[in-house]
Amino acid sequence: MLSNLLLMAQVVVPLVVCEPTHMLLVEGSLDGTPCTLVFDTGATHTSFDEEFIAKALPEAHPEPVMLAGTSNANFVPKFAMSKTLKVGEVAFEGYPVMAIPFPPLSQELGRPVHGILGMDIIGQMPLVLSVAKGEIIFNPDDMAGFGPPLKFDRRNYDGSPRLMYLAADGTYKTMLVDSGSSLSFINDPADWPAEEVEAATMGATDVNGRTAMAMRPGKPGTLQLKTAKGGDYAIRFRPLVNPGAPCSYLGADTLRHFDLFLRLPWIGLRPVTDGADQFTNPIDKE
């Protein structure tokens, strides 16, 4: 189940950024059948639409399975074994995938989306996610400009990249790095001041499609992320305050202002100035 990438030098895979949702897509194939996948660091498992699985793996008979980790997908998956899963030119041989119902996101984006590329594959090798450049760089050569390694929250570890941020009460709380979420949220109103306006119903897009939630815009401020060696790495931040979210999210709307280095337990951010706004320019307070 290892990728041929382990024997390769740097490999660049094109990334499609869907506007205005900020959803991140990559092209690949499953046993030779082309597919489009959501690049989703918030998903623990790689999954495909069950109708696509029937087309790409006609001999497979997916069976229901209990997940060891967690997922933000609202459905019970089934298990199937592929011969070759390719992401760009990177191949994974004999890799297990999940079969799930998957129509809502295709309808939201107005284009076919066949599945989710989750952390069971994303986490196998070092990579840089560069939304600004529209690419994913596996085994990256250039690591210049990244801030200090951020503190990886190992509590209740499920395979997803979780950081620790300084809340208003002076304690550190968990934030999921979720490239599959279009927006960034703080889920506890006590942790981030909101604008003095009535909560409005807004739509956020993730692998379940578009969800309407009552939330308020947060005030612009500084998000302090705990580093692995102590101290904080701070970025200007303006999330939505969303008590309905299951946890706090660092979503694609914020990630588009940074290059994200991912090699769990190492996580790092590198600011990009092209397109950055006044709320997301990073500040290194070390």
Side-chain angles (χ1 to χ4, degrees), residues 12-43 45-57 71-78 85-89 97-119 121-122 129-136 176-185 200-215 217 239-240 242 244-246 249-258 260 272 274-275 277 280:
V12 179
V13 175
L15 182 73
V16 177
V17 183
C18 293
E19 298 296 356
T21 63
H22 312 307
M23 296 298 289
L24 310 179
L25 305 178
V26 294
E27 301 296 330
S29 65
L30 185 65
D31 283 14
T33 302
C35 58
T36 301
L37 305 174
V38 178
F39 186 87
D40 189 357
T41 60
H45 296 79
T46 296
S47 307
F48 286 85
D49 174 53
E50 55 190 4
E51 294 184 4
F52 177 79
I53 288 286
K55 176 183 176 182
L57 307 176
S71 174
N72 54 349
N74 296 331
F75 21 69
V76 177
K78 297 179 181 180
L85 168 60
K86 294 188 73 176
V87 180
E89 295 303 316
V97 295
M98 302 295 173
I100 59 176
F102 204 72
L105 190 56
S106 294
Q107 296 171 4
E108 170 64 21
L109 297 181
R111 58 184 296 171
V113 178
H114 305 102
I116 307 161
L117 189 67
M119 284 300 299
I121 286 182
I122 296 171
L129 170 65
S130 181
V131 180
K133 293 181 180 178
E135 61 188 23
I136 303 162
L176 176 65
V177 181
D178 189 358
S179 64
S181 175
S182 61
L183 300 174
S184 298
F185 301 114
T201 300
M202 304 179 189
T205 302
D206 63 11
V207 297
N208 301 302
R210 192 167 183 82
T211 304
M213 294 175 283
M215 61 188 89
L240 291 167
N242 178 15
Y249 290 77
L250 194 69
D253 59 333
T254 299
L255 292 176
R256 66 194 177 98
H257 298 291
F258 301 90
L260 171 71
V272 292
D274 185 15
D277 63 31
T280 53

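Keep in mind that the numbers below use all heavy atoms, side chains included, and drop hydrogens, waters and symmetry copies. Quantities reported herein were computed from a predicted structural model and do not represent experimental measurements.
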- prompt: For Asp40 and Leu117, what are the C-alpha separation, side-chain angles and deciding distance, and is it a side-chain contact (heavy atoms from CB on, under 4.5 Å)?
  reply: CA-CA 6 Å; Asp40 189 357; Leu117 189 67; over 6 Å; no
message: Please enumerate all residues that pass side chain to side chain donor-acceptor pair (under 3.5 Å) together with Glu27, with sequence neighbours excluded.
response: Thr36
message: Walk me through whether Lys55 and Thr33 qualify under side-chain contact (heavy atoms from CB on, under 4.5 Å).
response: CA-CA 8 Å; Lys55 176 183 176 182; Thr33 302; 4.2 Å; yes
Verdict with reasoning, Leu85 to Phe48, per side-chain contact (heavy atoms from CB on, under 4.5 Å): CA-CA 11 Å; Leu85 168 60; Phe48 286 85; 3.7 Å; yes
Shortest non-hydrogen contact between Val26 and Val87, atoms and distance: CG2-CG1, 4.2 Å
message: Among residues at least two apart in sequence or on other chains, which ones pass side chain to side chain donor-acceptor pair (under 3.5 Å) with Ser184?
response: Asp253, Thr254
task: Could you tell me which residues satisfy side chain to side chain contact (heavy atoms under 4.5 Å, CB included) with Ala252, sequence neighbours excluded, listed by chain and number?
output: His22
message: Using the side-chain contact (heavy atoms from CB on, under 4.5 Å) definition, which of the options Leu25, Ile122, Val131 pairs with Phe39?
response: Ile122
message: Rounded at 0.5 Å granularity, tell me how far CD in Glu50 sits from CD1 in Ile100.
response: 8.5 Å
- prompt: Nearest heavy-atom pair of Met23 and Gly180: which atoms, and what distance?
  reply: CE-O, 3.4 Å
Leu183 CG to Leu240 CG distance, which is reported to the nearest 0.5 Å: 5.5 Å
field: Partner residues of Lys133 under the side chain to side chain contact (heavy atoms under 4.5 Å, CB included) criterion, sequence neighbours left out
entry: Ser130, Glu135
message: Give me the atom names and distance for the closest heavy-atom approach of Ala56 to Asp31.
response: O-CB, 4.0 Å
Interatomic spacing from NZ in Lys86 to CG in Leu30 - rounded to 0.5 Å: 12.5 Å
message: Please verify the inter-ring angle class for Phe52 with His114; under 30° counts as parallel, over 60° as perpendicular, anything in between as tilted.
response: tilted
query: Shortest non-hydrogen contact from Leu129 to Ser179?
result: CD2-CB, 4.2 Å
- line: When rounded to the nearest 0.5 Å, the distance separating OG1 of Thr41 from CG of Leu176 is 6.5 Å
query: Leu37 versus Val113: any side-chain heavy-atom pair under 4.5 Å?
result: no
query: Is a side-chain N or O of Thr46 found less than 3.5 angstrom from the main chain of Gly118, in a donor-acceptor match?
result: yes
